[in-house]
Protein chains: 2
Amino acid sequence: MENKTVRPIRKSEKGVPEPTLRRLPLYYRLLKQLREVGRSGVSCTMIGTELKLDATQVRKDIEMTGTVGRPKVGYDVNELICAIEKFLGWDISTEAFLVGAGSLGEALMGYPGFAECGLDIVAAFDVDPNKCHRVIHGKHVRHISKLPGLMRRMRVRFGIITVPASEAQQAADLLVEGGVLAIWNFAPAKIHVPDRVIVTNEDLYCSLAVLSQKMTRKLAESRSKGVSKS
Amino acid sequence: MENKTVRPIRKSEKGVPEPTLRRLPLYYRLLKQLREVGRSGVSCTMIGTELKLDATQVRKDIEMTGTVGRPKVGYDVNELICAIEKFLGWDISTEAFLVGAGSLGEALMGYPGFAECGLDIVAAFDVDPNKCHRVIHGKHVRHISKLPGLMRRMRVRFGIITVPASEAQQAADLLVEGGVLAIWNFAPAKIHVPDRVIVTNEDLYCSLAVLSQKMTRKLAESRSKGVSKS
DNA sequence: TCGTGTGAATGACTTCACAGCC
DNA sequence: GGCTGTGAAGTCATTCACACGA
């Protein structure tokens with residue numbers, strides 16, 4: 001066998017499991033807290049118990065980022081933080097346009113810590129002229145008609161949609177016209193875009209469904225549980 | 001060695017796959033649109049092509065709700081809508097308290113269509129006295145100290161947390177004190193609650209991670225691929 | 001023929017089990 | 001002893017294949 005020494009991360013070449021991606025930010029947040037209080041090392045077991053996850057799972061997730069740990073010592077907190085940042089692309093700043101300056105849009109513009117994830121909302125847009133020319137959390141609100149041109153000129157490639165469902169498609173069309181690469185869609189509506197554009201939907205109704213059903217089941221359960229035994 | 005006695009795994013308490021739960025609202029929305037334009041029947045194939053999902057998957061999801069279809073005809077739109085509502089518990093109105101009257105909280109209070117899902121936000125609470133005694137989207141904002149007492153008195157069992165991460169645990173504690181049954185947590189922080197309380201986290205950073213990584217990968221990909229043929 | 005219903009095959013993710021290291 | 005690293009086993013979800021019915 002060839003004496004292959006360490007091989008740098010190539011794992012990222014072939015699709016990363018989405019569940020893993022969704023857990024990495026949880027580790028990231030915990031790690032930052034640990035660093036805050038001066039810890040320099042951490043083990044999967046510890047992360048697991050803290051976050052109520054299986055330690056092996058944590059280890060596999062970390063393996064994806066290319067970080068290697070040392071037995072007994074565990075992982076280096078700083079190294080892990082950097083690895084996750086790099087893996088997710090949070091080490092590089094990405095400028096974004098936000099469409100829809102309602103309260104949801106305002107909430108996102110003021111969301112703390114997006115900057116740490118490399119997300120920089122540089123401007124907002126709205127159809128309503130009354131909302132334009134204002135400044136929210138330091139960002140200018142412009143009329144939506146200016147979006148495509150400005151987007152191309154500033155080379156912004158990321159769009160966030162926070163308009164009502166009925167206007168989501170129109171917003172998406174304008175972003176596509178501006179040459180968008182990825183869209184984070186908060187409107188409860190399916191948007192149609194060319195295949196090259198990456199879309200992630202943040203559909204509150206989907207999450208609500210999970211919660212509603214669990215609650216419904218729990219209520220039904222507790223109603224019929226008083227009598228039955230195992 | 002006889003390992004543990006045969007455990008007759010409780011099929012009575014058949015857990016519903018979460019992916020299925022997250023897709024049902026998509027069908028629900030589409031079905032309502034279809035009803036709007038006067039359609040009375042629909043097939044899995046149609047739902048599948050419209051939502052870009054596999055038809056068999058749609059069929060299995062629908063099967064979960066207990067609806068039966070007829071060959072050639074497909075499913076009855078109205079019947080299906082009712083079945084999904086009942087299955088998710090959206091046919092019964094649930095009153096909720098919202099903690100954190102910032103812009104995110106305001107956005108949720110004004111979210112259209114929660115009523116159709118049986119979700120009724122009856123009041124909001126905040127620590128900031130300046131935000132109290134106001135009325136947002138028809139709902140009163142009260143001081144957070146009133147939460148537990150009012151919650152018990154009004155028998156509200158559902159809580160929504162839209163406070164900053166640093167105050168999430170405090171908000172959760174008050175909800176627990178008020179006898180909460182389920183919590184929808186929008187704060188980017190893990191909250192600790194008794195096991196009996198159902199929690200669903202709406203962590204934006206988790207979604208952002210998925211999007212960021214896809215985008216990063218796509219950029220890296222197109223950089224090394226753009227030069228090659230065609 | 002088209003569409004439902006179902007059981008079996010594939011694939012994705014998680015959990016287990018153990019080897020190696022400190 | 002604890003902890004990483006890894007391949008194997010197991011579990012859950014999606015996709016395939018086909019029988020049956022209008």
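Each chain gets a letter, A, B and so on, in the order the sequences are listed, and its residues count up from 1.
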Residue Glu63(B), side-chain atoms from C-beta onward, closest of dT4(C), dT4(D), dT6(C): dT6(C)
Which heavy-atom pair separates Ala107(A) from Ser103(B) by the least distance, and what is that distance? CA-OG, 3.2 Å
Expressed in angstrom and rounded to an integer, what is the separation of Met64(A) atom CE from dT4(D) atom P? 17 Å
Whole angstroms only, please: what is the CE-C1' distance between Met46(B) and dC2(C)? 15 Å
Classify the side-chain pair Gln169(A)/Asp173(A) by whether it contains a donor and acceptor separated by less than 3.5 Å. yes
Stepwise, does the side-chain hydrogen bond (donor to acceptor under 3.5 Å, both in side chains) test hold for Asp120(B) with Ser93(B)? CA-CA 7 Å; Asp120(B) 181 15; Ser93(B) 184; 4.6 Å; no
Length of the CG-P vector between Leu80(A) and dC3(D), whole Å: 15 Å
Tell me if a side-chain donor or acceptor on Thr162(A) pairs with a main-chain N or O of Val99(A) at a distance below 3.5 Å. yes
B/S/- contact track for nucleotides 9-16 of chain C, protein heavy atom under 4.0 Å: ----SSBB
Atom CZ of Arg59(A) and atom P of dC3(D): how far apart are they, to the nearest Å? 9 Å
Consider only side-chain N and O atoms of Tyr28(A) and Glu85(A), and report whether a donor and an acceptor are under 3.5 Å apart. yes
Without decimals, in angstroms, what is the distance between Lys72(B) NZ and dT1(C) C1'? 8 Å
Test side-chain hydrogen bond (donor to acceptor under 3.5 Å, both in side chains) applied to Glu202(A) and Trp184(A), step by step: CA-CA 7 Å; Glu202(A) 198 74 39; Trp184(A) 198 4; 3.0 Å; yes
Touch check for Val73(A), heavy atoms < 4.0 angstrom, all strands: base, sugar-phosphate only, or nothing? nothing
Starting from P on dA13(D), measure out to CG on Leu21(B) and report it in whole angstrom. 10 Å
Has Arg70(B) got a side-chain N or O lying under 4.0 Å from the OP1 or OP2 atom of dA22(D)? no
